[in-house]
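Working notes for the structure below.
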Amino acid sequence: MFTIVITRFAIFIMSFVTSSDTYRLQKIVVDQLRTEKNVKRMKVSEAANDLKSYVEKIQREDPLVIGVPGNQNPFKDRSTCILI
């Protein structure tokens, strides 16, 4: 998906630039395609299972799930402001 966006963007931009800039843009697209070629592919079902097991593993330590104790919360108001 990312490659399609970059390629379409590069084609759009190439219509407005000089030939040296076109060469530079084509080089960027080729470099991006080479980078994406080396990315290890994984089935979505495998990635979902890996993500699920990771979340279940860290669930007991996750402060977003269990909450933060009041005495350890850095965002809790320490005192009230009395300006009346």
Side-chain angles (χ1 to χ4, degrees):
M1 177 68 181
F2 186 66
T3 304
I4 294 170
V5 172
I6 284 204
T7 307
R8 287 185 183 167
F9 179 71
I11 291 170
F12 173 74
I13 294 297
M14 281 186 237
S15 61
F16 297 105
V17 296
T18 63
S19 61
S20 62
D21 291 335
T22 300
Y23 173 76
R24 206 172 304 132
L25 284 171
Q26 288 174 343
K27 185 174 179 345
I28 291 170
V29 170
V30 169
D31 289 342
Q32 179 64 34
L33 290 171
R34 285 184 180 147
T35 302
E36 290 183 18
K37 179 187 74 159
N38 297 326
V39 172
K40 180 186 170 206
R41 305 292 179 194
M42 175 183 251
K43 290 184 178 181
V44 174
S45 58
E46 291 174 10
N49 286 335
D50 287 350
L51 181 61
K52 181 180 173 186
S53 64
Y54 172 75
V55 169
E56 289 172 348
K57 183 176 75 172
I58 67 162
Q59 183 175 359
R60 291 187 178 108
E61 303 166 4
D62 191 348
L64 294 175
V65 176
I66 61 171
V68 178
N71 60 353
Q72 294 178 355
N73 188 351
F75 301 105
K76 181 179 177 184
D77 290 336
R78 300 287 180 207
S79 63
T80 57
C81 180
I82 304 173
L83 291 175
I84 297 179

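Just so you know, residue 1 is the first one in the sequence shown, and it goes up from there.
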Under 3.5 Å, which donor-acceptor pairs link side chains of residues 55-62 to any protein atom two or more places apart or in another chain?
residue : atom : partner : partner atom : Å
D62     : OD1  : L64     : N            : 3.0

Query raised in the report: Mind checking what makes side-chain hydrogen bond (donor to acceptor under 3.5 Å, both in side chains) contact with D31, not counting sequence neighbours?
Result: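 D31 satisfies side-chain hydrogen bond (donor to acceptor under 3.5 Å, both in side chains) with K27 only.
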
Report task. List in chain and number order the residues that pass side-chain contact (heavy atoms from CB on, under 4.5 Å) with V44, two or more places apart in sequence or in another chain; answer none if no residue qualifies. Result ->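 Result, side-chain contact (heavy atoms from CB on, under 4.5 Å) vs V44: none returned.
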
